[in-house]
*Asks:* 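Below is one structure. I have some questions about it.
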Amino acid sequence: MWLVGGGALINSFLKHSLIDEYIISIIPIILGDGVRLFPPPTPEEKLEMMNSKQYPSGLIQVHYRQKQNSEKFIIHNL
């Protein structure tokens with residue numbers, strides 16, 4: 001399953017350990033305020049980077065997965 005969302009959606013799935021991969025997009029804009037991607041309480045997870053890609057706009061996407069893998073969901077945050 002592929003989901004796109006922010007902190008509130010991610011946190012509800014994290015509480016039930018339903019995410020095994022993350023694709024995080026870093027956009028080169030400093031907002032100064034906003035919704036946290038991983039709001040507390042967020043459990044600690046050990047991740048390994050699968051790959052990363054830089055785009056001409058300056059956007060960087062980093063693809064991580066949990067070190068231990070099971071049937072869960074992929075979260076893509078833009």
*Asks:* Does the distance from a Lys or Arg side-chain N to an Asp or Glu carboxylate O, for K46 and E44, drop under 4.0 Å?
*Replies:*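 A salt bridge is present here (some side-chain N lies under 4.0 Å from a carboxylate O).
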*Asks:* Is F38 reachable from I60 through a run of I, L, V, M, F, W or Y residues, each pair having side-chain heavy atoms under 4.5 Å apart?
*Replies:* yes
*Asks:* Which pair of heavy atoms, one from E45 and one from Y22, lies closest together, and at what distance?
*Replies:* OE2-OH, 3.0 Å
*Asks:* Find out if a path of hydrophobic residues (ILVMFWY) with successive side-chain heavy-atom gaps under 4.5 Å connects I24 to M50.
*Replies:* no
*Asks:* What's the shortest heavy-atom distance between S25 and L59, and which atoms?
*Replies:*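 Of all heavy-atom pairs spanning S25 and L59, the closest is CB-CD1, 4.4 Å.
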*Asks:* Just so I know, are the side chains of R65 and D20 near enough to count as touching, which here means a heavy-atom distance under 4.5 Å?
*Replies:* no
*Asks:* Quick one: CD on E21 to CD on Q66, what's the gap to the nearest 0.5 Å?
*Replies:* 9.5 Å
*Asks:* Which distance, rounded to the nearest 0.5 Å, do you find between the CG of N51 and the OH of Y64?
*Replies:* 10.5 Å
*Asks:* Quick one: list whatever passes side chain to side chain contact (heavy atoms under 4.5 Å, CB included) with S12, sequence neighbours left out.
*Replies:*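 For S12 the side chain to side chain contact (heavy atoms under 4.5 Å, CB included) partners, ignoring immediate neighbours, are L9.
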*Asks:* With rounding to the nearest 0.5 Å, note down the distance linking NE2 in H63 to CD1 in I23.
*Replies:*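 Those atoms lie 4.5 Å apart.
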*Asks:* Kindly compute the distance separating CD (E48) from NZ (K67), expressed to the nearest 0.5 Å.
*Replies:* 5.5 Å
